[in-house]
Amino acid sequence: MGRVQIPGTEDDLRVAVRDANLPTLLLVLAQLTGDDEWLSERYAPAPIATPEGSLFPDDTGGYDDDLADEIRARAFETLCRLRDEGAEVPQAPSLERLRQMMQFSVAEPVDEAFAAMLLEETGFVDRDTHWQDRLSSAKAAGSSDFNVLVVGAGMSGICAGAKLKQAGIEFTIIEKNDAVGGTWYENRYPDCGVDTPNHFYSYSFERNANWSGYFSKRDELYEYFEHCADAFGLRPYIRLNTEVTSMRYQEATATWEVEILDAQGNRSTLIANAVISAVGQLNRPNIPDFEGLESFRGESFHSARWRHDVALEGRRVAVIGTGCSAVQLVPKTAEWAAHLTVFQRSPHWVSPNRDYYRPVEEGLIWALNNIPQYAEWHRARMIFGFMDRNWPAVPADPDWPHPERSMSEANEGLRQALTAYIGVQVGGRPDLIEKCVPDFPVFGKRLIIDNNWYPTLAREDVDLVTDPITAITPEGIQTADGTVHEVDVIIHATGFKTNKFLWPMDVVGKSGTTLGEQWGDAPKAFKGILVPDYPNLFCLYGPNTNIVHGGSIIYCVEAQMHYVMQCLATMAERKALSVEVPDAVNDAYNEEVQAVSRTLAWGHSGVQSWYKNAAGQVVNNSPFSNLEYWERTHDFEPDEMVLK
Ligand code: NAP
């Protein structure tokens with residue numbers, strides 16, 4: 001067994017133990033020293049608590065000052081000794097060891113499947129062994145002539161490229177923009193950022209120890225994905241400024257004929273054995289077809305197409321929409337504008353989060369970079385705190401007596417806490433309280449992290465208008481009460497075209513039907529990935545894979561890519577040219593998806609959202625906890641497929 005040297009001066013180590021999360025540090029020290037006294041009753045952390053009115057956990061361990069000082073002093077001494085003497089490279093924990101350590105550290109039972117998932121998410125266990133060797137052996141046996149076309153170089157496309165490159169499979173990534181990064185490239189509105197903690201919202205195979213904040217803003221996220229494109233060596237494989245316009249499956253050759261259009265207007269055709277769609281769910285802006293939209297004499301733009309050349313200072317500005325994008329961009333807009341009018345069709349639930357603007361402490365960054373296994377245990381605890389902890393509040397309790405407003409006692413508890421929070425925030429404005437309390441259950445829509453939303457609405461120079469918009473006029477926005485709200489600039493924070501997956505690409509399957517025709521506005525795919533009649537087409541972040549209650553969409557996409565790579569390995573081993581999911585398998589899966597969705601908060605009849613189609617069917621969200629989705633995508637089952 002090798003030895004590891006911990007670097008650093010005494011000052012570095014002192015600052016590291018000052019800023020480290022103590023329950024995480026205990027796990028690390030137990031692993032580094034092999035001494036389980038670090039996991040003894042004396043140091044047992046308190047359960048992860050949720051500060052009142054917030055859904056975001058306090059995971060500091062709840063120690064009194066004396067005990068916290070003792071842990072820090074002993075940790076400092078131990079780390080200094082290990083620095084001077086060197087330490088044995090800590091072993092990756094076994095499944096049972098990780099489970100026991102996590103149970104100690106979170107003071108709650110941790111089940112075996114969750115521990116197995118954590119082993120992979122931390123990198124203690126390499127999940128790629130499920131396909132890496134199989135693909136290599138198949139290639140050595142002569143099954144190597146296979147190429148994949150990936151549509152999109154955002155978060156999903158970069159994940160796909162990384163794994164295909166690692167496998168030695170030929171691939172090309174087609175990207176419509178002039179840069180990688182997808183949503184984090186396109187969205188540049190003020191305060192744009194992520195609502196999942198960054199140490200979780202990052203690839204498990206490319207952690208970033210240097211996030212500046214717990215919830216980073218757009219520029220840092222975009223830089224991360226730029227970095228990943230370089231780190232994974234993807235640049236030579238990416239064709240920017242190029243759009244896939246159509247693709248047609250050729251049954252005779254089991255290939256996809258893909259038509260692309262470059263920025264100069266040149267069309268050409270590529271042939272691929274398989275296509276991975278990595279186009280995202282939120283990249284085609286939706287501007288509602290308001291009457292008179294074109295007649296407006298001022299300037300207008302969508303939140304995802306922010307016009308930095310349009311000055312807002314001193315002008316009368318309207319923002320339409322009160323979703324995640326609006327809540328982030330409205331406070332800055334209000335600071336700049338002479339007057340801001342916010343048009344709300346329905347209020348969303350908004351939760352405080354004490355860590356939203358918290359910078360990552362200097363010593364924590366040092367620990368993540370320099371103390372062996374600190375980053376792994378830190379990620380494991382982040383996942384525990386943020387992934388499925390809210391799941392129990394999502395399903396309907398059939399015996400709950402207030403099903404019109406909440407799902408269960410747990411869900412009602414959140415409603416009460418968040419309603420009280422609104423009261424505290426805008427206590428002096430009963431008119432605002434009435435307008436701001438949603439009538440649908442918490443988690444009917446994504447819970448928005450508060451970005452000073454309510455105090456902004458309460459500003460004297462801000463109006464919250466709840467009368468429905470009836471038209472856009474040359475002067476501004478007309479509402480049902482007949483008022484014309486005169487403005488100079490209209491910002492449409494009105495979301496995206498989300499029910500038309502893969503739109504506007506024309507995707508033609510085996511039988512000559514387009515995906516648009518087959519799906520209408522009710523898309524369905526097996527595990528969100530495979531579609532009957534469209535062999536060798538894999539969707540990432542496809543139908544029914546979005547998450548609402550918590551978690552990281554990167555985690556979900558990695559799970560999907562893991563499934564895809566196993567599928568490709570099976571095809572190579574069996575020398576199969578095509579893979580297709582049978583109708584019956586897809587139908588059975590989707591019947592379950594729909595049956596479960598109807599019992600969840602986002603399937604509630606009182607919720608109207610981008611997750612639902614015109615018939616009220618949930619087409620975007622996963623009906624499963626993140627853990628269950630990981631389990632369902634963990635092992636590709638060839639018997640469920642037609643492999644030819
Ligand atoms: P969104 O959630 O779809 O919100 C669109 C807003 O526009 C809603 O308030 C909607 O009202 C309103 N609207 C739509 N059509 C309208 C109409 N005809 N008249 C009046 N109002 C209308 O879009 P988004 O805010 O861009 O967010 C989309 C998703 O992106 C989020 O759910 C989240 O998954 C993701 N996102 C995440 C972050 C983050 O990580 N922090 C930030 C931004 C976005 P209704 O509510 O009544 O439908």
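For clarity, every value in this text was computed on a predicted model and none was experimentally measured. Both ligands and their constituent atoms are indexed starting at 1 by order of listing.
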Enquirer: For Cys324, counting its heavy atoms only, list the atoms of ligand 1 lying under 4.0 Å from any of them.
Expert: 25 (O), 31 (C), 33 (C), 36 (N), 37 (C), 38 (C), 42 (C), 43 (C), 44 (C)
Enquirer: Under 4.0 Å from a heavy atom of Ala493: which atoms of ligand 1 are those, numbered in the order shown and with their elements?
Expert: 5 (C), 6 (C), 7 (O)
Enquirer: Check whether any heavy atom of Phe343 sits under 4.0 Å from an atom of ligand 1.
Expert: no
Enquirer: Please assess Asp309 against Arg307 for the test salt bridge (charged side-chain N to carboxylate O under 4.0 Å, His left out), listing each intermediate value before the final yes or no.
Expert: CA-CA 5 Å; Asp309 61 320; Arg307 291 269 308 273; 2.8 Å; yes
Enquirer: When you compare ligand 1 with Thr322, is there at least one nitrogen or oxygen pair between them that comes in under 3.5 angstrom?
Expert: yes
Enquirer: If we set the cut-off at 4.0 Å for heavy atoms, which region of Pro288 has an atom near ligand 1: side chain, backbone, both, or neither?
Expert: side chain
Enquirer: When the aromatic ring centroids of Phe496 and His302 are compared, is their separation below 6.0 Å?
Expert: yes
Enquirer: Would you mind checking which non-hydrogen protein atom is closest to atom 41 (N) of ligand 1, with the distance to 0.1 Å?
Expert: Gln328 NE2, 2.9 Å
Enquirer: Could you go through the side chain to side chain contact (heavy atoms under 4.5 Å, CB included) check for Ile554 and Met155 one step at a time?
Expert: CA-CA 7 Å; Ile554 298 183; Met155 175 274 285; 3.7 Å; yes
Enquirer: Pairs of nitrogen or oxygen atoms closer than 3.5 Å, one from Leu282 and one from ligand 1: do any exist?
Expert: no
Enquirer: With the threshold set at 4.0 Å, does a side-chain nitrogen-carboxylate oxygen contact exist between Arg405 and Glu412?
Expert: yes
Enquirer: Test Asn353 against Asp450 for side-chain hydrogen bond (donor to acceptor under 3.5 Å, both in side chains), laying out the working first.
Expert: CA-CA 7 Å; Asn353 173 4; Asp450 192 6; over 6 Å; no
Enquirer: Testing Ile448, Asn452, Asp191, Thr456 one by one against Val327 for a side-chain contact (heavy atoms from CB on, under 4.5 Å), which residue passes?
Expert: Ile448
Enquirer: How far is atom 4 (O) of ligand 1 from the closest protein heavy atom, and which atom is that?
Expert: Gly323 CA, 3.7 Å
Enquirer: Examine Gly193 against ligand 1 and note whether any of their N/O atoms are separated by less than 3.5 Å.
Expert: yes
Enquirer: Do any heavy atoms of Lys445 fall under 4.0 Å from ligand 1?
Expert: yes
Enquirer: Look at the side chain of Glu175 and the backbone N and O of Ala153, then say whether any donor-acceptor pair between them is shorter than 3.5 Å.
Expert: yes
Enquirer: Parallel, tilted or perpendicular, judged at 30° and 60°: which one describes the rings of Trp391 and Trp602?
Expert: tilted
Enquirer: Below 30° counts as parallel, above 60° as perpendicular, anything between as tilted: where do the rings of Phe205 and Phe232 land?
Expert: tilted
Enquirer: Taking only heavy atoms of Val194 into account, list the atoms of ligand 1 that are under 4.0 Å away from them.
Expert: 40 (O)
Enquirer: Could you walk me through whether Asp195 and Arg446 pass the side chain to side chain contact (heavy atoms under 4.5 Å, CB included) check?
Expert: CA-CA 10 Å; Asp195 61 3; Arg446 180 122 179 137; 2.9 Å; yes
Enquirer: Does ligand 1 come near enough to His348 that some N or O of the ligand is less than 3.5 Å from an N or O of the residue?
Expert: yes
Enquirer: Check this for me - ligand 1, Arg446, N or O atoms closer than 3.5 angstrom, yes or no?
Expert: no
Enquirer: Tyr356 to ligand 1: N or O pair under 3.5 Å?
Expert: no
Enquirer: Strictly below 4.0 Å, N to O, side chains only: are Lys176 and Glu186 in salt-bridge contact?
Expert: yes
Enquirer: Applying ring pair (Phe, Tyr, Trp, His ring centres under 6.0 Å), run through Tyr629 and Tyr563 and close with a yes or a no.
Expert: CA-CA 11 Å; Tyr629 188 68; Tyr563 183 88; 9.1 Å; no
Enquirer: Does the residue Ser303 have a heavy-atom contact with ligand 1, meaning some pair of atoms that are separated by less than 4.0 Å?
Expert: no
Enquirer: If you measure from each non-hydrogen atom of Asp195 to ligand 1, which part falls under 4.0 Å: side chain, backbone, both or neither?
Expert: both
Enquirer: Which ligand 1 atoms are under 4.0 Å away from a heavy-atom of Gly495?
Expert: 3 (O), 5 (C), 23 (O), 26 (O)
Enquirer: Just need the protein heavy atom nearest to atom 45 (P) of ligand 1, so name the residue and atom and give the distance.
Expert: Ser346 OG, 3.3 Å
Enquirer: In terms of relative ring orientation, are Tyr421 and Tyr454 parallel, tilted or perpendicular, with 30° and 60° separating the classes?
Expert: perpendicular
Enquirer: Contact between ligand 1 and Tyr189 is defined here as a heavy atom of the residue under 4.0 Å from a ligand atom; is it met?
Expert: yes
Enquirer: Mark up the atoms of ligand 1 that fall under 4.0 Å of a heavy atom belonging to Gly321, in ascending order.
Expert: 6 (C), 7 (O), 9 (O), 12 (C)
Enquirer: Students should be able to answer this: which protein heavy-atom is nearest to atom 34 (O) of ligand 1, and at what distance?
Expert: Trp610 CZ2, 3.7 Å
